[in-house]
Amino acid sequence: MTQSYNAPKGTADLLGASARGWDFLQEVAREVFSRYGYESIYTPIFEQTEVFTRGIGEATDVVGKEMYTFEDRGGRSITLRPENTAGVVRAAIQARLTDNGAQAKLYYAGPQFRYERPQKGRQRQFYQVGAEALGQTSPFADAEMILMLWEYFTLLGLSKRSMRLLVNSMGDDACRPAYRDSVATFIREHSVELCDDCARRADTNPLRAFDCKKPECHAVMDSAPRINEVLCEACKQHNDTVLRTLDAAGLKYEIDPKLVRGLDYYTRTVFEVQVDHGLGSQNAIGGGGRYDGLFQDLGGKEAPSIGFAVGAERILLALEAEEVDILNRDDLVIYVAAAADEQREAAFAMTMELRRRGLTAVSDLQDRSLKSQFKQADKAGARYVLIIGEEEQKRGGVTIRDMESKEERFATPGSIVKMLVK
Ligand code: AMP
């Protein structure tokens with residue numbers, strides 16, 4: 001026997017329920033985001049490595065430890081995208097979407113790649129849906145983005161009670177550098193109480209220490225300086241308007257001054273949605289923020305923007321924990337059964353005809369007995385079985401069996417569709 005293979009560590013095939021789940025997330029995204037004026041974008045799954053090192057930042061975990069980077073056959077450094085914002089911004093610069101103060105609203109859905117330690121809700125290839133509002137300076141854009149994210153989650157079926165929305169401002173070039181320095185100083189003063197990673201972060205990326213999952217670091221960072229106390233006037237005003245707009249829309253949120261997101265490009269508004277059950281420590285189902293400097297970091301003209309990304313695996317786990325049955329579709333499935341070999345061609349033709357008329361129809365292609373065709377019909381969730389036997393052929397029609405009421409009646413070809421749709 002030749003060797004067989006499994007999917008690589010940290011990856012999973014989407015099939016059955018998980019494939020239907022991913023389809024569902026994309027369908028609802030299209031429905032919700034298009035109402036807000038978004039159009040879809042598909043960027044390459046790999047980019048020049050610099051798109052990510054410049055965009056996301058050298059000192060982040062994603063760039064420092066988690067990227068799938070390789071040299072292609074032409075000697076170029078290529079990286080599988082660890083997230084999609086940098087790629088979207090690269091594409092927008094290339095297509096000049098935001099030149100002369102223009103705006104663009106784009107959303108995407110697809111796989112991302114990070115070399116992380118796999119666990120529940122954490123994969124090496126994972127799937128994200130995300131949205132980016134490009135060239136938007138107003139705080140109303142931030143509020144709209146957060147409201148759209150919330151609407152998306154609720155429309156998917158997550159209950160408002162199960163979710164927590166965290167909001168913070170990370171400041172901008174005017175106020176963040178001094179704040180970063182004050183956190184770095186704080187870390188140096190407390191380095192013996194912190195884990196080695198966090199102690200090192202004083203020199204590389206001090207704000208990331210807020211994100212450490214270790215309880216001892218958590219406790220220490222609780223008394224670190226808070227960004228909301230040192231925001232510059234412009235950031236403060238921006239933040240106040242965002243929060244006021246959320247209040248006016250009736251959306252509940254928690255201000256979390258320790259919320260700093262893992263990618264360097266965020267400025268001002270950042271937000272995250274967490275769920276209370278079903279996910280353990282990987283409880284963030286989505287998040288995002290404003291990135292006013294990313295276009296320039298990637299060689300483009302200034303175009304302040306904001307976006308979010310949500311993780312498909314985690315949303316599906318959260319929906320499962322809440323026992324939301326997303327697969328309960330009321331699609332009408334019709335099974336066409338041939339009573340004997342003589343009717344197989346007629347059954348095949350009838351199945352094709354029903355499909356032409358827009359119905360979902362399946363039939364046996366493996367010469368099964370009538371009994372096992374009925375079993376198949378059950379498995380396919382068929383509401384009606386159309387039986388074609390010798391008698392039906394003679395009379396030029398079919399017997400329709402309602403699988404719920406078990407009633408049977410004869411129907412002529414002309415009346416079948418009308419009867420079924422009714
Ligand atoms: P980020 O791009 O890090 O802001 O992540 C946005 C969302 O993507 C998170 O809230 C998660 O839901 C999801 N996510 C990030 N990394 C992973 C991963 N390794 N596996 C599964 N989902 C992930």
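It should be emphasised that the depicted structure is a prediction, and the values quoted were computed from it without experimental measurement. We count ligands from 1, going down the list as the structure has it; atoms in each ligand are counted the same way. When reading the values below, keep in mind they use all heavy atoms of this one structure, side chains included, and skip hydrogens, waters and symmetry mates.
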* To do: Answer yes or no on whether Arg114 is positioned over the face of Tyr68, meaning its NZ or CZ is under 6.0 Å from the six-membered ring centre and within 45° of the axis.
  => no

* Asked: Are there more than 12 heavy atoms of other residues, nucleotides or ligands under 6.0 Å from atom CZ of Phe70?
  -> yes

* Nearest protein heavy atom to atom 13 (C) of ligand 1, by residue and atom, and its distance? -> Gly311 CA, 3.6 Å

* Asked: At their closest point, which heavy atom of Gly130 faces which heavy atom of Phe33, and how far apart are they?
  -> O-CE1, 4.5 Å

* What protein heavy atom sits nearest atom 8 (O) of ligand 1, and how far off is it? -> Gln128 NE2, 2.9 Å

* Asked: What's the verdict on side-chain hydrogen bond (donor to acceptor under 3.5 Å, both in side chains) for Arg90 and Gln94, showing C-alpha distance, side-chain angles and the deciding distance?
  -> CA-CA 6 Å; Arg90 194 269 311 135; Gln94 194 176 334; 2.6 Å; yes

* Under 3.5 Å between some N or O of ligand 1 and some N or O of Gln123? -> yes

* To do: Considering only non-hydrogen protein atoms, determine which one is nearest to atom 19 (N) of ligand 1 and report residue, atom name and distance to 0.1 Å.
  => Glu116 OE2, 2.6 Å

* Does the side chain of Thr11 come under 3.5 Å of the side chain of Gln123 through a donor N or O and an acceptor N or O? -> no

* Looking only at side chains, do Arg164 and Gln274 share a donor and an acceptor under 3.5 Å apart? -> yes

* Nearest neighbour in protein (non-hydrogen) for atom 14 (N) of ligand 1 -> Phe126 CE1, 3.6 Å

* Does Gly286 reach ligand 1 with a nitrogen or oxygen that is under 3.5 Å from one of the ligand's nitrogen or oxygen atoms? -> yes

* To which protein heavy atom is atom 2 (O) of ligand 1 closest, and what is the distance rounded to 0.1 Å? -> Arg114 NH2, 2.8 Å

* Structure fact -> re atom 9 (C) of ligand 1, the protein heavy-atom contact at minimum distance is Ala284 O, 3.8 Å

* Per-residue contact class, Arg314 against ligand 1 - non-hydrogen pairs under 4.0 Å -> side chain

* Within a distance under 4.0 Å of any heavy atom of Ile285, pick out the atoms of ligand 1 and give their elements. => 10 (O), 12 (O)

* Can a salt bridge be assigned to the pair Asp240 and Lys236 using a cut-off of 4.0 Å between side-chain N and carboxylate O? -> yes

* Asked: Is it true that atom CZ of Arg54 has more than 12 heavy atoms of other residues, nucleotides or ligands lying nearer than 6.0 Å?
  -> no

* Structure fact -> The protein heavy atom nearest to atom 4 (O) of ligand 1 is Arg261 NH2, 2.2 Å

* Identify the protein heavy atom lying closest to atom 21 (C) of ligand 1, giving its residue, its atom name and the separation to 0.1 Å. => Gly121 O, 3.2 Å

* CG-CD1 distance between Asp256 and Ile227, expressed to the nearest 0.5 angstrom -> 12.5 Å

* Asked: Should Ala309 be counted as touching ligand 1, given the test is an N or O pair under 3.5 Å?
  -> no

